[in-house]
Amino acid sequence: MKNLSPKDLVFIVTGTLSFMLLVVLYALTRLAGTELPIWVILGIPAINFIIGYFLLSALLEKFIYRRIKVIYKTINNLKAPKNAQPLAVNITDDILGNVEREVVDWTKRQTQEIEKLKSSDNYRKEFIGDVSHELKTPIFNMQGYLHTLIDGGLYDEKINKSYLYKASLNLDRLGAIVEDLETISQLETNALMLDIRKFDFIRMAKEVLDSLEMQADLRDIKLVFKDNTLKTLAVMGDKERIRQVVTNLLTNSIKYGKAGGTTSVGIYDMHDNILIELTDNGIGIAEEHLPRLFERFYRVDKSRARDQGGTGLGLAIVKHIIEAHHQTINVRSTVGVGSTFGFTLKKA
Ligand code: ADP
């Protein structure tokens, strides 16, 4: 019954009426005693059926079906790709059932679409709020130092050099934030095309370790490979982006590591992939922060992170890069013991 087409419906209605007419005519001949010829008893319902069928079909087509067809076609064309063939709909189709299905389907899609738009709108609003908040601090600091210098501090030997130096540090911080924001926006809009090639991970990681040696020395932290026997390891990826991942993770291990501590790089075979783990024995991160750690501007200890010159975007960038490679990243950490950040890369 559910999947009846309008034609079927007209057929059943006129058929039932004609049958009832047949029964009435038959009963009349019996009760009134007037013997009607058999061709009259059969002919009148038959004519009633034919006329009724065409009349009802025409009325249905004119007043209901054509209008529903327009709705059906509109919904269908909205869903279909632009260059799709126009939809052919016949009165013999189960159009009411189709319209119901299409409308339910369409409503679901529209609801999902609206939810997606709402969440991206929220994301945009939050992002603008976060960005202006992050930019405010260094700008206000610079304003403070520079205005003090302009207002006479320039001639005060006790502060002039140190205020200029502090203003320049804030300018560096501003530059770092803008640079990281640019990277994030490129990664989020997919404008950044990855240059996937085969490269030697060990060699690249050694270069990063060397470049951070001075920074690590300042905090008396050693950067080492867990297994020194591994000399080369060919992987597939965007070398410069992966270099950025290793740099960001190692820089964090120095910033949040314990003085006199060690950060080690471990490499593990996982069939098609390799797992790279960077382990420090620094301050660690409490369990409740771990799920949000890779969000942009998320910091565990806000003042400490800012003191260390962090932009709060390092881990968000790392996650974007690894996910753009269709690989995964995870973190394990215990407060006071240390943290391990692990990510995978495809073997070449
Ligand atoms: P930031 O620029 O603040 O370092 P990140 O995105 O790189 O931003 O890191 C986010 C936060 O995660 C940091 O502020 C810090 O609280 C925490 N964090 C990152 N790496 C480590 C680590 N190795 N040990 C302890 N905490 C860490």
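Each ligand, and each atom within it, is numbered from 1 in the order the structure gives.
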Numbering the atoms of ligand 1 from 1, which are under 4.0 Å from a heavy atom of [X]?
{"X": "Tyr298", "result": "10 (C), 11 (C)"}
{"X": "Gly310", "result": "1 (P), 2 (O)"}
{"X": "Lys255", "result": "1 (P), 2 (O), 4 (O)"}
{"X": "Thr311", "result": "2 (O)"}
{"X": "Gly314", "result": "5 (P), 6 (O), 7 (O)"}

Phe49 and ring-ring contact (aromatic ring centres under 6.0 Å, His included): which partner among Phe54, Phe11, Phe19? Phe11
For ligand 1, which part of Ile285 has a heavy atom less than 4.0 Å away: the side chain, the backbone, both, or neither? side chain
Which part of Phe294 is near ligand 1, with near meaning a heavy atom under 4.0 Å away: side chain, backbone, both or neither? neither
Tell me the nearest of Leu249, Leu313, Asn252, Asp280 to atom 20 (N) of ligand 1, using heavy-atom distances.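 Closest candidate by heavy-atom distance is Asn252.
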Have a look at Gly312, Ser339, Ser253, Ala286 and point out the one with the heavy atom closest to atom 2 (O) of ligand 1.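 Ranked by closest heavy atom to atom 2 (O) of ligand 1, first place is Gly312.
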Between [X] and [Y], does at least one N-O distance fall below 4.0 Å, as a salt bridge requires?
{"X": "Glu188", "Y": "Arg124", "value": "no"}
{"X": "Lys347", "Y": "Asp269", "value": "yes"}
{"X": "Lys206", "Y": "Asp210", "value": "no"}

Does a side chain donor of either Gln244 or Arg241 reach within less than 3.5 Å of an acceptor in the other side chain? yes
Minimum-distance pair of heavy atoms, taken over all atoms of Gly338 and Ser333: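 Scanning both residues completely, I find the closest heavy atoms to be O-OG, 3.2 Å.
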Phe297 to ligand 1, any heavy atom closer than 4.0 Å: no
I'd like to check whether Leu315 has a polar contact with ligand 1, where a contact means an N/O of the residue lying under 3.5 Å from an N/O of the ligand.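 Indeed, backbone or side chain, Leu315 has an N or O that close.
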Looking only at distance, does Val300 have an N or O less than 3.5 Å from an N or O of ligand 1?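 Indeed, backbone or side chain, Val300 has an N or O that close.
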Side chain proximity check, His325 to Asp238, heavy atoms < 4.5 angstrom: yes
Thr311 backbone acceptor or donor facing Arg299 side chain under 3.5 Å: yes
